[in-house]
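Heads up, the thing below is written out as structure tokens.
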Amino acid sequence: MTKIALLPSGSVSDEAARYLFEGQEAQYEYHKLIANVFLSTANGTTDYSIIPIENTIEGSVTLHTDWLVHEVDLPIQAEWVYPSIQNLISRKEEVTDENNKLDYGRIVKVLSHPVAMAQCLQYLREHLPHAEQEHVSSTAEAVRIVRDNPGKGWAAIGTTIAAANNGLEILEQGVTDHDNNFTRFLLVGNRPFTERQSDVQKTSILVTLPEDFPGALSQVLSAFAWRRINLTRIESRPTKKKLGTYYFFIDINMSLDSVLLPAAIEEIEALGCQVRVLGSYPSFTYPINEG
């Protein structure tokens, strides 16, 4: 049976995992902290970790990227996107008026993961500017905390499954500021992912430029450009070794099995750059018409 480490039951990661492994026999190991998710797979307790890496609204999850780069050596085996549908969750009897209508004034605190909270800022400013905002480790943890603190007028931003798991109600559905709110997930581990197939193949690499090499990044990009290799993402992050030094996290819309991509990497290395391949893997999109 496939063992999978991920963030808590009822989180978007939990929903996304069940989407990717639908119809497969899988055992889920839930963790409060992303560090423990990574370490569970790094030490061999689980086969894979599920890592939220990028969001439509908030962009990259830099903490998770840094863990992937600096703390563990786990190849990317797949990527997929999944809709992040956040809801306002609490006990209706605490926050509704005599007509059973939601009374925002009775909500004194809203809890959620900082990324999920940021996806709902416009909603919070409009309806709950008076409420204290508290960041916790996951949306599922936020719902659990609200469950364990009855009578305080607390609410959480989280998933439908988290509300059901904790015996709470959905006060308002879909409170994110944009309808096209998706999260991109990575499946990382040493075991190749063969449960599903995709026509889209991607490769992720890290490129560290040589010091004192004017125009190095331009030449790196040229190695892809003249071969007409499409880059879907390029992001700079500090190397954490010396102030002002960076590596570039590059996602490439091509398999490492192709002829062109290995040649491009060789050209980049010939410039004196260090190249680390993070994985070459299938990419899955979400069927919008089913969302």
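This chain uses plain numbering: 1 for the first residue, then up along the sequence. Given the structure is predicted, the values throughout are model-derived calculations rather than measurements. Reckoned from all heavy atoms, side chains included, excluding hydrogens, waters and symmetry mates.
The salt bridge (Lys or Arg N to Asp or Glu O under 4.0 Å) pairs that include a residue from residues 106-127 are Asp103-Arg106, Lys109-Glu134, where partners are two or more places apart or lie in different chains.
From Arg227, atom CZ reaches atom CG of Leu260 across 7.0 Å, with rounding to the nearest 0.5 Å. In this structure, OG in Ser138 is found 11.5 Å from OH in Tyr30, a value given to the nearest 0.5 Å. Here Thr203 contributes atom OG1 and Asp251 contributes atom CG; the two are 9.0 Å apart, rounded to the nearest 0.5 Å. Distance check: Thr232 OG1 to Asn253 CG gives 6.0 Å after rounding to the nearest 0.5 Å. From Thr96, atom OG1 reaches atom CD1 of Ile107 across 10.0 Å, with rounding to the nearest 0.5 Å.
Between the side chains of Glu54 and Ser60, not a single donor N or O lies within less than 3.5 Å of an accepting N or O. With 3.5 Å as the limit, one finds a donor-acceptor pair spanning the side chains of Thr41 and Thr46.
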(message) salt bridge (Lys or Arg N to Asp or Glu O under 4.0 Å), that's the test. Do Glu94 and Lys152 meet it? Break it down for me.
(response) CA-CA 8 Å; Glu94 287 188 33; Lys152 295 184 178 180; over 6 Å; no

(message) As a quick check of understanding, evaluate ring-ring contact (aromatic ring centres under 6.0 Å, His included) for Tyr48 and Tyr28, giving each step before the final call.
(response) CA-CA 10 Å; Tyr48 300 114; Tyr28 298 105; over 10 Å; no

(request) Please test Val275 against Glu266 for side chain to side chain contact (heavy atoms under 4.5 Å, CB included), starting from the C-alpha separation and ending with a verdict. (result) CA-CA 9 Å; Val275 179; Glu266 287 181 10; over 6 Å; no

(request) Apply side chain to side chain contact (heavy atoms under 4.5 Å, CB included) to Glu29 and Thr45, showing your working. (result) CA-CA 9 Å; Glu29 182 180 291; Thr45 303; 3.5 Å; yes

(request) Please lay out, stage by stage, how Gln86 and Met117 fare under the test side chain to side chain contact (heavy atoms under 4.5 Å, CB included). (result) CA-CA 9 Å; Gln86 305 294 350; Met117 193 87 78; over 6 Å; no

(request) In sequence, state the C-alpha distance, the side-chain angles, and the governing distance for Ile234 and Phe249, and then conclude on side chain to side chain contact (heavy atoms under 4.5 Å, CB included). (result) CA-CA 6 Å; Ile234 179 168; Phe249 194 120; over 6 Å; no

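Taking all atoms of both residues into account, the shortest heavy-atom contact from Lys92 to Ile170 is CE-O, 3.9 Å. Across Thr62 and Glu235, no two heavy atoms sit closer than the pair CG2-OE2, 4.2 Å. The two atoms that bring Gly10 and Ala162 nearest to each other are O-CB, 3.4 Å, heavy atoms only. When every heavy atom of Asn55 is checked against every heavy atom of Ser84, the shortest pair comes out as ND2-OG, 4.0 Å.
Ring geometry for Tyr286 against Tyr82 counts as perpendicular: the plane angle is over 60°, on a 0 to 90° scale with 30° as the lower cut. Using bins of under 30°, 30° to 60° and over 60° for the plane-to-plane angle, the ring pair Tyr104/His127 lands in the parallel bin.
Formation of a donor-acceptor pair under 3.5 Å by the Gln122 side chain with backbone atoms of Gln119 is not found in this model. Between the side chain of Ser49 and the backbone N or O of Val37, at least one donor-acceptor pair lies under 3.5 Å. A donor-acceptor contact shorter than 3.5 Å is absent between the side chain of Ser258 and the backbone of Met254. Side chain of Asp177 to backbone of Tyr123: a donor-acceptor contact under 3.5 angstrom is found. In this structure a side-chain-to-backbone donor-acceptor pair under 3.5 Å is present from Thr65 to Val61. Looking at Arg91, its side chain does come within 3.5 Å of a backbone N or O of Arg147 through a donor-acceptor pair. Formation of a donor-acceptor pair under 3.5 Å by the Ser40 side chain with backbone atoms of Asn36 is not found in this model. Judged by distance alone, the side chain of Ser280 and the main-chain N or O of Leu256 form a donor-acceptor pair under 3.5 Å. In terms of modelled atom types and a separation under 3.5 Å, the side chain of Asp97 and the main chain of Asn99 share a donor-acceptor contact. With hydrogens and angles disregarded, no donor-acceptor distance shorter than 3.5 Å links the side chain of Asn166 to the backbone of Val143.
The six-membered or imidazole ring of Phe185 lies away from that of His64, with a centre-to-centre distance of 6.0 Å or more.
Leu128 is connected to Leu102 through a chain of hydrophobic side-chain contacts under 4.5 Å among Ile, Leu, Val, Met, Phe, Trp and Tyr, so both are in one cluster. Linking ILVMFWY side-chain heavy atoms closer than 4.5 Å, directly or via other members, places Ile76 and Leu7 in a single hydrophobic cluster. Under the 4.5 Å side-chain heavy-atom criterion for grouping Ile, Leu, Val, Met, Phe, Trp and Tyr, Ile53 is not connected to Val81 through any hydrophobic cluster. Both Leu278 and Trp67 belong to a single network of hydrophobic side chains, linked directly or stepwise wherever heavy atoms of I, L, V, M, F, W or Y lie under 4.5 Å apart.
Cation-pi geometry between Arg237 and Tyr246 is not met: the NZ or CZ atom fails to fall both under 6.0 Å from the ring centre and inside 45° of the normal. Taking the ring centre of Tyr281 as origin, the terminal cationic atom of Arg196 falls outside the region bounded by 6.0 Å and 45° from the ring axis.
Looking at Leu33 and His31, their side chains never come closer than 4.5 Å, going by heavy atoms from C-beta outward. Side chains of Val207 and Tyr247 form no contact here, defined as non-hydrogen atoms less than 4.5 Å apart.
Remark: of the listed residues Leu88, Thr139, Ile89, Leu124, Thr139 is the sole one forming a side chain to side chain contact (heavy atoms under 4.5 Å, CB included) with Ser112.
When the side-chain contact (heavy atoms from CB on, under 4.5 Å) test is applied to Asp47, the partners found at least two apart in sequence or on another chain are Thr2, Lys3, Arg191. Among residues two or more places apart in sequence or in another chain, the side-chain contact (heavy atoms from CB on, under 4.5 Å) test is passed with Ile145 by Leu111, Val136, Glu141, Asn149, Trp154.
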